[in-house]
A.B. asks: 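Sharing a structure with you now.
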Amino acid sequence: MRYPTMLAVACLCLLESAANAQGINGRPLPFEPGYFPGFEQPRVVATTAHMEVTTDDRALVSSYPVDAQLVRVVMVKNISTTRIRVPFTPGITITPFQPNGFICHPQPGVLYLDPGQSHPVRLAYEIPTDNTAPAWSRGDRVSVPMTLALQEQSVTSGQDVGAPVIITLPNIVSVDRDPHASAFEPDPPANAVITGTVRHADTMEVYANVSLMVNSEGVGQRVPTDASGRYTAYVFAYRRSGGTPDWREFGLRLDSPSHALDPQSIVMPRAGETTTLDVLVPEPRTAINYAVTSSLYIDLTAYAWDGSADGSVMATVPFHTDLPWNIKSPRAFVNVFTSTGTLLWRFPIQDETPAIDVSDDGQFVATCRLPANEPTPGMIIGGSAILLNRAGQLLLEVPVARVPLAVWGPESRDSRFTEVRLSHDNRYLAIGDNTGWLFLLDRATGRELWRVFTRGQVRRIDFDTNDARMFVGSGDGYLRAFDLRGNQLWQSWVDSWLTAIDISAHYLVTSSKAARQGMHLVNKVTGAQVWSYPVETIAHHVKIAPDESYVWYGTSIGGGYWLLNNALFTMDGLPRRQLASANLGSAAAGAISADSQLVAWSRGCTVNVSDREGRPVFRSAQLGTTADADCGMLNHMLWMSPDGTRIVAAVGPRNTASTGATVYFLGTGGTTSAPDCFFNWAERNYPTWFLPAGRPSVTQSPYYYRYYPGTNAYLATSSADSHVYYLGPQSGQSLLDAGPLSTWLTTAGCQ
């Protein structure tokens, strides 16, 4: 059912008035009691001349491996009359220790505190659940303490002041399942009940004597309904680690092949309680037929991307490839192309960057590149900021500079830029760096207009739709709004620096780079928090429906282990539908049509489309030759045309083998040429001959061909005789006539 736009907006006007002491979904708003995990019963544990340190230092219990995260918070307050600067260092006692499992915020690891100001330090450690898991057994209760060392420093001299304050945070890990067994091992004994009736969503007729699937985090059970359609499921409920008011989610759907991709209804039972939920089975929607019309090989990941307002100009940049610098540097480009698959140009950037922006009119592309005189680093984030015109010519380069930390310390730091953004009218270029500086430049001249220190790395900048303000996500955990004169209008807590943000007529929705963190809905004019909802990991994309009737959240991290990794939320902040069960739940990218009726999302090597109720209407065949389970989670490009008839999506291998990414262009009613259909068939059936798959087709009379650099092979058709030709290792690098094209088209099913 479509929500009338005026009605939707009228309902939204009531959202903030409905939020009293807590968010409208009943969950605490930031800094309210119960918001921060691991901070349920805080007390002052240390005091110095300038700092007061508060934490919940009890031994908190987590259920492992169903809940593999240890999350704690330490609040640091400046009780002096001067500014203080406090670097911090986390620690944990666990064997084996996985450095990448520790996520600590703010980033960089330093607090900048005004007199009277408090700021949380958030510690999160994810315990592995694979073959690197600790040597624990079911039934163990293991002590895993964390530590936090806080060192006050002078803001005038930069020298340490006094001895470090070291806080110990005890944790008890209750091993409730074998951590070395499959994630699909049965749960511990049930401690909660979910019951209700299964009904048709439209007619309300009951589904008698059928099976219901009850899923959570890779664990599922089949539950029968009786003659009246009633079911009763006995489940293991647990409270998430850190003493939050949030409980494990379960998804319920009808268990039948025809409903395998149906959205799941979400419920959050509590231990010792019975929760009632009527499961409404949606009527299947008429399928929409999208076909691949072309493809474009881009080599490295499409980690970040942007496009012009009409989608006619698109650009991608690679990031998080995990490739050695000497391998990725000569292959690192900003790729600029049309929404129909024509490569316009490529520009070398020498390394990875998360920063890319295309102007609304497609006339400019802004990104970052590693300067040629930079040393070859272990890992560089960004570099100098550059502005290119529509033809790929360099117009402006803002070099890496050393910038002072204002009054926070005497030292300066290299200011490598990690974000760039053009205003909608092309008058301004905003740049953010990895130390916390925000710069606004005149786009035409490159003249710096002002700079502001945001106290944490800047990884997301967005101009409001009318350029009245700009929104800046900082590593200190705040989203800030500035006017274009550099005045801060408001700040709103969003946990850490942002990985995803979307802007609608009235609101912002955000998700950040933290372990267990919140998705936040914020009033974009006032900065007031409407609600937050805790999700297990970062979102790669969040979207507000254009008619402001629902929110979409998607992440590919977790690969289906966590339930809410691809879900629709009501505008009052409750998860309504988990999209596409049957192990297809995660999503690396998403898009919504202009009328809010279609939600597109990519998972692994497939593109999927659901309606606004979550009912599937399309799932592509596997794109490329990489097995779906090995497809990358770092190709975040997905675009849908406003009318929902065209989709552009990038797929490719995982980040440990981050070459071979390809952008695919799909359209409704589109057709693939007979030779391209045959080339696609050959790539699927002879994957070791034609690498990488999805290469663009090129015409050089009389040949129409694809070149595969991975195997140094050519596959071609000839307009001179309508035959197929091959040149490569299988033919001893001699041109081989493989026979009539018509024969191969029949074999490939392309006629």
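Side chains included, hydrogens not; waters and symmetry mates left out as well; all remaining heavy atoms used.
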A.B. asks: Among Ser596, Ser593, Ser549, which residue meets the side-chain hydrogen bond (donor to acceptor under 3.5 Å, both in side chains) test with Arg612?
C.D. replies: Ser549
A.B. asks: Under 3.5 Å, side chain of Ser610 to main-chain N/O of Val599, donor-acceptor pair present?
C.D. replies: no
A.B. asks: Holding to side chain to side chain donor-acceptor pair (under 3.5 Å), I want the full list of residues that pass it with Arg455, two or more places apart in sequence or in another chain.
C.D. replies: Asp114, Gln117
A.B. asks: Suppose we screen for ring pair (Phe, Tyr, Trp, His ring centres under 6.0 Å). Which residues come up paired with Tyr553, at least two apart in sequence or across chains?
C.D. replies: none
A.B. asks: List for me each residue that meets side chain to side chain donor-acceptor pair (under 3.5 Å) alongside Asp464, sequence neighbours excluded, and say none if there are none.
C.D. replies: Arg469, Lys524
A.B. asks: Between atom CG of Asn335 and atom CG of Leu296, what is the distance when rounded to the nearest 0.5 Å?
C.D. replies: 7.0 Å
A.B. asks: Quick one: does Asp357's side chain have a donor or acceptor within less than 3.5 Å of a partner on Leu422's backbone?
C.D. replies: yes
A.B. asks: Which residues satisfy the ring pair (Phe, Tyr, Trp, His ring centres under 6.0 Å) test with Tyr428, sequence neighbours excluded?
C.D. replies: none
A.B. asks: side-chain contact (heavy atoms from CB on, under 4.5 Å) for Glu683 and Arg706? Distances and angles first, verdict last.
C.D. replies: CA-CA 11 Å; Glu683 291 168 1; Arg706 291 184 185 179; 2.8 Å; yes
A.B. asks: Counting C-beta onward and ignoring hydrogens, is there a side-chain heavy-atom pair between Ser512 and Leu498 closer than 4.5 Å?
C.D. replies: yes
A.B. asks: How close do Ala355 and Cys368 get, heavy atom to heavy atom, and via which atoms?
C.D. replies: CB-SG, 3.8 Å
A.B. asks: Excluding sequence neighbours, so at least two apart, what forms side chain to side chain donor-acceptor pair (under 3.5 Å) with Ser602?
C.D. replies: none
A.B. asks: Under the side chain to side chain donor-acceptor pair (under 3.5 Å) test, which residues partner Asp361, sequence neighbours left out?
C.D. replies: Ser359, Asn426
A.B. asks: Do side-chain atoms of His540 reach the backbone of His636 as a donor and acceptor pair under 3.5 angstrom?
C.D. replies: no
A.B. asks: If we ignore hydrogens and angles and just use 3.5 Å, is the side chain of Ser294 paired with the main-chain N or O of Thr340 as donor and acceptor?
C.D. replies: yes
A.B. asks: Looking at every heavy atom in both Thr668 and Gly644, which two are closest together, and how far apart are they?
C.D. replies: CG2-O, 4.5 Å
A.B. asks: Checking Thr606 against Asn608 for the side chain to side chain donor-acceptor pair (under 3.5 Å) test, could you report, in this order, the C-alpha distance in whole Å, the side-chain angles of both residues, the deciding distance, and whether it holds?
C.D. replies: CA-CA 6 Å; Thr606 63; Asn608 306 266; 3.3 Å; yes
A.B. asks: For Ser308 and Val358, indicate whether the former's side chain and the latter's backbone hold a donor-acceptor pair under 3.5 Å.
C.D. replies: no
A.B. asks: Working to the nearest 0.5 Å, report the span between CG of Leu479 and CG of Asp476.
C.D. replies: 10.5 Å
A.B. asks: With the side chain counted from C-beta on, respond yes when Tyr664 and Val607 share a heavy-atom pair under 4.5 Å apart, and no when they do not.
C.D. replies: no
A.B. asks: Taking the side chain as C-beta and beyond, is there a heavy-atom pair between Val334 and Trp345 under 4.5 Å?
C.D. replies: yes
A.B. asks: Say you draw a straight line from CG of Leu449 to CG of Leu484; how long is it, rounded to the nearest 0.5 Å?
C.D. replies: 9.5 Å
A.B. asks: Listed by chain and number, what are the ring pair (Phe, Tyr, Trp, His ring centres under 6.0 Å) partners of Tyr533, not counting sequence neighbours?
C.D. replies: Phe569
A.B. asks: Are Glu352 and Thr321 close enough that a side-chain donor and a side-chain acceptor fall under 3.5 Å?
C.D. replies: yes
A.B. asks: Keeping to residues at least two apart or across chains, list the salt bridge (Lys or Arg N to Asp or Glu O under 4.0 Å) pairs with something in residues 385-400.
C.D. replies: Arg369-Glu397
A.B. asks: Could you give me the CA-CA distance, side-chain angles and deciding distance for Thr454 and Arg480, then say whether side chain to side chain donor-acceptor pair (under 3.5 Å) is met?
C.D. replies: CA-CA 9 Å; Thr454 69; Arg480 294 177 173 87; 4.8 Å; no
A.B. asks: Could you tell me the separation between the CG atom of Asp495 and the NZ atom of Lys513, rounded to the nearest 0.5 Å?
C.D. replies: 13.5 Å
A.B. asks: Taking the side chain as every heavy atom from C-beta outward, state whether Val648 and Met637 have any atom pair closer than 4.5 Å.
C.D. replies: yes
A.B. asks: Go through the steps for Met519 and Val509 under the test side-chain contact (heavy atoms from CB on, under 4.5 Å), then give the verdict.
C.D. replies: CA-CA 7 Å; Met519 181 171 59; Val509 64; 3.9 Å; yes
A.B. asks: Among residues at least two apart in sequence or on other chains, which ones pass side-chain contact (heavy atoms from CB on, under 4.5 Å) with Pro399?
C.D. replies: none
A.B. asks: Does a side-chain heavy-atom distance below 4.5 Å link Thr662 with Leu623?
C.D. replies: no
A.B. asks: Measuring from Trp531:CH2 to Tyr507:OH, what's the distance to the nearest 0.5 Å?
C.D. replies: 11.0 Å
A.B. asks: Please check: side-chain N/O of Asn635 versus main-chain N/O of Ala650, any donor-acceptor pairing under 3.5 Å?
C.D. replies: no
A.B. asks: Counting C-beta onward and ignoring hydrogens, is there a side-chain heavy-atom pair between Leu598 and Ile288 closer than 4.5 Å?
C.D. replies: yes
A.B. asks: For Trp437 and Phe439, take the angle between the two ring planes, folded into 0 to 90°, and tell me which bin it lands in: parallel under 30, tilted 30 to 60, perpendicular over 60.
C.D. replies: tilted
A.B. asks: Measure from NZ or CZ of Arg346 to the centre of the six-membered ring of Phe333, then state whether that distance is under 6.0 Å and the direction lies within 45° of the axis.
C.D. replies: yes
A.B. asks: For Arg447, enumerate each residue passing the salt bridge (charged side-chain N to carboxylate O under 4.0 Å, His left out) test, keeping only those at least two apart in sequence or located in another chain.
C.D. replies: none
A.B. asks: Parallel, tilted or perpendicular: which one describes the rings of Tyr478 and Trp493, with boundaries at 30° and 60°?
C.D. replies: perpendicular
A.B. asks: Using a 3.5 Å distance criterion without hydrogens, assess whether the side chain of Ser329 forms a donor-acceptor pair with backbone atoms of Gln350.
C.D. replies: yes
A.B. asks: Give the ring-plane orientation class for His320 versus Tyr303, where under 30° counts as parallel, over 60° as perpendicular and anything between as tilted.
C.D. replies: perpendicular
A.B. asks: Determine yes or no for a side-chain-to-main-chain donor-acceptor pair under 3.5 angstrom, with His424 supplying the side chain and Phe463 the backbone.
C.D. replies: yes
A.B. asks: Take Leu440 and Met470 through the side-chain contact (heavy atoms from CB on, under 4.5 Å) test and state the conclusion after the steps.
C.D. replies: CA-CA 10 Å; Leu440 190 71; Met470 53 194 295; 4.3 Å; yes
A.B. asks: Which label fits Trp450 and Phe482: parallel for a plane angle under 30°, tilted from 30 to 60°, or perpendicular past 60°?
C.D. replies: tilted
A.B. asks: How about Gln517 and His105: do any of their side-chain heavy atoms sit closer than 4.5 Å?
C.D. replies: no
A.B. asks: Given the rule in the side-chain contact (heavy atoms from CB on, under 4.5 Å) test, do Phe337 and Thr316 qualify, once you have shown the distances and angles that lead to the verdict?
C.D. replies: CA-CA 9 Å; Phe337 48 90; Thr316 68; 3.9 Å; yes
A.B. asks: Distance check, rounded to the nearest 0.5 Å: Glu419 atom CD versus Gln457 atom CD?
C.D. replies: 11.0 Å
A.B. asks: Can you sort out the partners of Asp467 under salt bridge (charged side-chain N to carboxylate O under 4.0 Å, His left out), two or more places apart, ordered by chain and number?
C.D. replies: none
A.B. asks: Just wondering, do Leu579 and Trp552 contact through their side chains at under 4.5 Å, heavy atoms?
C.D. replies: yes
A.B. asks: Check whether Glu548 reaches the backbone of Ser504 with its side chain - one donor and one acceptor, N or O, closer than 3.5 Å.
C.D. replies: no
A.B. asks: Quick one: does Ser641's side chain have a donor or acceptor within less than 3.5 Å of a partner on Arg646's backbone?
C.D. replies: yes
A.B. asks: So, using side-chain contact (heavy atoms from CB on, under 4.5 Å) as the criterion, who are the partners of Ala600 when residues are at least two apart?
C.D. replies: Val609, Leu638, Met640, Ile647
